[in-house]
Amino acid sequence: MARRVVVALLGPVNWSPPGVDRAEWRAALAEDVIDLLATLNEVEVAVAVTPTDRALADALVWPGTAVYEVAEPSPNAVFALLDGYDQAAVLAGDVPNLPALTVGKLLRPLTTRPVAVAPAEGADPGLLGVAVRLPVPGWLPPLDLDTATPVDARAGAPRPGDVVVTAGWRRLRGPADLATLDEAFEGWEATRALLSGSGRPA
């Protein structure tokens with residue numbers, strides 16, 4: 001069986017709901033993403049941060065979870081540090097209500113294709129996550145989860161089919177995204193509690 005790792009990339013957060021401290025918001029989102037990944041089967045879980053955010057990661061990870069320090073918060077920087085794995089996926093750290101099934105769909109194409117990407121749903125560009133067979137194909141360009149699109153990922157691919165586009169999900173990057181949170185959906189406890197404490201519905 002392939003050795004796989006899923007890494008939560010705790011990049012910068014440029015928005016928080018009115019009345020919610022930005023640092024607390026970022027920590028709640030990250031906590032929920034890390035807790036979600038801890039429930040996944042047949043994968044190892046890790047977290048990646050820049051050195052200035054190491055304290056944030058250390059405060060949130062489960063015992064034994066690997067924490068990678070990257071010079072820049074990008075999937076490519078994370079992939080470059082991974083050793084001993086056959087497959088890897090890097091996910092954005094602002095998807096507290098992400099279904100585990102969506103992570104599985106991102107990894108599944110790697111049995112036959114070298115790269116898979118999941119788009120961020122909504123009006124803004126960006127990716128929910130990137131998955132690759134390791135070592136990373138030399139043609140994969142640098143990707144920024146906040147701005148890249150599936151077209152960018154395919155730019156250098158020998159064949160368009162080498163990059164599979166899988167199911168996306170809504171990242172929480174603005175008021176319109178906040179409105180998509182489903183109270184009936186299980187999980188996202190830290191984000192839910194923070195929103196409830198601010199007086200906003202959750």
Smallest separation among heavy atoms of [X] and [Y], with atom names:
X    : Y    : answer
P119 : P150 : CB-CG, 4.4 Å
P73  : G11  : CB-CA, 4.1 Å
A71  : T50  : O-CG2, 4.2 Å
A167 : L128 : O-CD2, 4.4 Å
S16  : V20  : OG-O, 2.9 Å
A27  : L60  : O-CD1, 3.7 Å

For [X], check side chain to side chain contact (heavy atoms under 4.5 Å, CB included) against everything at least two apart and list the hits.
X    : answer
P99  : T102, W169, F185
E42  : M1, R4
A155 : none

Would you say [Y] ends up clustered with [X] if hydrophobic residues are merged whenever their side chains have heavy atoms under 4.5 Å apart, either directly or through other cluster members?
X    : Y    : result
L98  : L40  : yes
L194 : W188 : yes
V43  : L37  : yes
V67  : W62  : yes
L29  : I34  : no

Restricting to pairs with a member in [range], which pass salt bridge (Lys or Arg N to Asp or Glu O under 4.0 Å), not counting sequence neighbours?
range            : value
residues 59-75   : R54-E69
residues 81-95   : D94-R171
residues 121-136 : none
residues 19-35   : R26-D53

> Is there any ring pair (Phe, Tyr, Trp, His ring centres under 6.0 Å) pair reaching into residues 90-112, and which pairs are they, with sequence neighbours excluded?
Replying inline: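 The answer is none; no pair qualifies.
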> Considering residues at least two apart in sequence or located in another chain, which fulfil the ring pair (Phe, Tyr, Trp, His ring centres under 6.0 Å) criterion with W15?
Replying inline: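 Scan of W15 (ring pair (Phe, Tyr, Trp, His ring centres under 6.0 Å), adjacent residues dropped) gives W25.
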> Just wondering, do P142 and S74 contact through their side chains at under 4.5 Å, heavy atoms?
Replying inline: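 Heavy-atom side-chain distance check fails, nothing below 4.5 Å.
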Show the atom names and distances, to 0.1 Å, of all donor-acceptor pairs under 3.5 Å that link a side chain in residues 104-113 to residues at least two apart or in another chain.
{"residue": "T111", "atom": "OG1", "partner": "R108", "partner atom": "O", "Å": "3.2"}
{"residue": "R113", "atom": "NH1", "partner": "G161", "partner atom": "O", "Å": "2.6"}

>> Apply side-chain contact (heavy atoms from CB on, under 4.5 Å) to residues L172 and L181 and explain how you reach the verdict.
In response: CA-CA 9 Å; L172 297 190; L181 286 172; 4.1 Å; yes
> With clusters built from Ile, Leu, Val, Met, Phe, Trp and Tyr whose side-chain heavy atoms come within less than 4.5 Å, directly or transitively, what are the remaining members of the cluster of V5, listed by chain and number?
Replying inline: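 V7, L9, Y68, V70, V78, F79, L81, L82, Y85, V90, V115, V117, L127, V130, V132, L134, V136, W139, L140, L143, L145, V163, V165, which link up through side-chain heavy atoms under 4.5 Å apart, make up the rest of the cluster.
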> If you look only at pairs with a residue in residues 150-161, which of them pass as a side chain to side chain donor-acceptor pair (under 3.5 Å), with sequence neighbours excluded?
Replying inline: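 Counting only pairs at least two positions apart or across chains, the side chain to side chain donor-acceptor pair (under 3.5 Å) contacts touching residues 150-161 are T149-D152, R159-D162.
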